[in-house]
Amino acid sequence: MSEDQLTPRSENFSDWYNELVLKAELADYSPVRGCMVVRPYGWTLWENIQQALDRRFKDTGHVNAAFPLFIPMSFLEKEKEHVAGFAPELAVVTHGGGEKLEEPLVVRPTSETVIGYMYSKWIKSWRDLPVLINQWGNVVRWELRTKLFLRTAEFYWQEGHTAHATEQEAREETLRMLGVYADFAINEAAIPVVQGIKSETEKFAGAVMSTTIEAMMGDTKALQSGTSHYLGQNFAKAFDIQYVDQNNTQQFCHTTSWGLSTRMIGAIIMTHGDDKGLILPPRLAPIQVVIVPIYKNADEKSVVMAVTDRVFQELKTAGIRLKVDDREEVTPGFKYNDWEMRGVPLRMEIGPKDVEKNSVALARRDRPGKEGKTFVSQEKLAATVAEMLTTIQAALLERATAFRDANIHTPKDYEDLKQIVQNGWAFSYWCESKACEAKVKEDTKASTRCIPLAGQPEQAGNCIVCGAPAKRKVYFAKSY
RNA sequence: CGGGGUGUAGCGCAGCUGGCUAGCGCGCUUGCUUUGGGAGCAAGAGGCCGUCGGUUCGAAUCCGUCCACCCCGACCA
């Protein structure tokens with residue numbers, strides 16, 4: 001139970017987040033440093049995320065498979081940048097069955113290498129392409145500084161790995177899947193995201209191009225919420241993924257990879273949550289509606305529960321995920337606070353007065369207090385509830401979008417940029433040099449988040465840092 | 001991995017410069033009364049004082065070690 005007050009979000013965002021994850025029973029710390037235990041409520045949320053994504057993957061022609069957790073150390077070493085990027089955070093297995101292994105096994109930090117190895121066996125002809133495979137699983141990266149959901153040593157995700165005949169096809173796939181992530185984030189998680197390209201310094205180790213969906217959290221920091229990479233022929237050459245084309249010549253494939261992790265849960269928490277706790281988007285919420293029956297005595301209880309049971313069945317049949325909180329040991333007031341903390345989008349109260357008037361009370365989580373409470377008829381209740389859930393979903397997206405837009409600014413000059421990134425995102429021209437990027441980072445701790453695909457100006461301008469000619473604008477922001 | 005902080009009941013804390021049987025609030029258990037915004041009363045249960053070692057007649061308290069977590073840096077989905 002969570003009787004204690006949550007640290008207000010405005011007072012200390014980090015404490016608020018940590019307390020909320022624990023109190024809402026999304027996750028808990030594990031006995032192993034840096035790892036997390038995802039509790040049933042958090043895992044159900046993840047399952048809903050998985051379903052929404054998996055549906056989209058299937059719709060775009062992908063199939064699921066499973067590749068091993070262990071990867072021979074030598075595989076990682078085959079792609080130079082890849083191993084350089086991941087070496088510091090590898091977990092390595094040196095013993096098995098009481099014997100020292102001939103070759104150490106890496107616990108996968110990502111699966112490009114094993115999958116590349118398999119692809120080289122499976123792909124022979126242009127007729128075998130494209131290969132469009134996704135895997136749901138867990139990976140391990142030995143992180144030094146961890147935070148539940150946002151960065152843990154082990155995390156759960158999906159990784160898509162595709163192989164194509166041409167660069168164009170692979171680049172299209174990269175952007176297609178970025179679009180899938182953006183569609184998911186916006187329409188399921190109600191998180192407005194910017195689609196864009198990562199800078200050279202920020203891109204994935206071994207990629208030719210990395211793309212990202214960037215989201216703004218409630219403290220204005222940016223969170224990379226999903227990534228999609230065009231890997232060029234880097235992994236194809238390292239693992240000899242070749243096919244014979246129509247002209248009977250050997251060609252290297254062009255590959256992509258794309259991933260979205262349990263970090264998305266952190267994004268949902270930090271985008272929508274408020275001082276009272278979590279606010280879950282109805283489309284992903286494990287419990288969309290909680291019914292709190294109210295009664296004073298056995299007589300009232302029997303009539304109230306009769307209506308409650310009938311309403312429960314009706315909504316359940318309509319496909320709404322709901323729960324009746326019939327706990328006897330806590331008062332209705334306690335339940336209100338408890339479910340608000342857990343982020344259930346809609347609360348229904350059914351009491352003696354409602355039984356009398358053939359009504360129920362509905363309270364919207366996104367609008368606390370009296371403002372969000374209405375009394376509706378029990379007639380056509382499933383339709384009323386479904387409509388209200390849709391309204392809440394839209395309201396969350398609208399609010400998050402307004403917040404984000406209000407905190408993105410175009411700096412007049414470099415001094416202005418330094419101010420802006422203290423509490424928001426700066427959108428400005430950048431010459432795309434590592435030096436300017438590094439200078440911003442050193443001066444402000446803000447990094448380039450992405451060069452957005454949409455919304456680029458027609459005309460060229462001047463780099464906000466050095467004044468050199470610049471073709472494109474970039475977002476600078478502090479990030480998680 | 002560097003700098004700072006914290007670790008005493010499930011949770012939040014007190015226990016001061018070394019001393020008695022280690023306390024308080026919340027939660028938990030049982031009973032009765034309650035129930036439309038975090039209920040009340042009564043009686044209970046619950047503690048290797050993070051770990052290992054040292055100083056001491058005596059350590060939750062002093063010293064050291066390690067571990068975990070939090071904050072700030074360097075590194076990252």
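Everything numeric here is computed off the predicted structure, so don't read it as measured data. The sequence lines fix the lettering, A, B, ..., with proteins before strands; numbering per chain opens at 1.
- Across all strands shown, B/G7 pairs with B/C67; the Watson-Crick or G-U wobble distances both stay below 3.5 Å.
- Applying the Watson-Crick and G-U wobble criteria (two distances, each under 3.5 Å), B/G44 pairs with B/C28.
- Using a 4.0 Å heavy-atom criterion, one finds that A/L260 contacts no nucleic acid atom at all.
- A/R151 has no side-chain polar atom (N or O) that falls below the 4.0 Å cut-off from OP1 or OP2 of B/C76.
- Within the 4.0 Å cut-off from OP1 or OP2 of B/C70, at least one side-chain nitrogen or oxygen of A/Y29 is found.
- The aromatic ring centres of A/W43 and A/Y156 sit less than 6.0 Å apart.
- Judged by distance alone with a 3.5 Å cut-off, a donor-acceptor contact links the side chain of A/E340 to the base of B/G37.
- Rounded to an integer number of Å, the gap from CZ of A/F155 to P of B/C76 is 14 Å.
- Looking at A/Q378 and A/K357, their side chains never bring a donor and an acceptor atom within 3.5 Å of each other.
- Residue A/D354 places a side-chain atom within donor-acceptor reach of the base of B/G36, judged by atom type and a 3.5 Å distance cut-off alone.
- Remark: B/A39 base-pairs with B/U33; criterion is Watson-Crick or G-U wobble with both hydrogen-bond distances under 3.5 Å.
- Residue A/R145 places its side chain closer to B/G73 than to any other of B/C71, B/G73, B/C76.
- If you check B/A14 for Watson-Crick or wobble pairing at under 3.5 angstrom, you find it has no partner at all.
- Note on A/N297: every side-chain N or O is 4.0 Å or more away from OP1 and OP2 of B/U34.
- Using a 4.0 Å heavy-atom cutoff across all strands shown, A/K370 reaches no nucleic acid atom at all.
- In this structure, A/R141 is positioned above the aromatic face of A/W157, its NZ or CZ under 6.0 Å from the six-membered ring centre and within 45° of the axis.
- The phosphate of B/G38 has neither OP1 nor OP2 within less than 4.0 Å of any side-chain N or O from A/K335.
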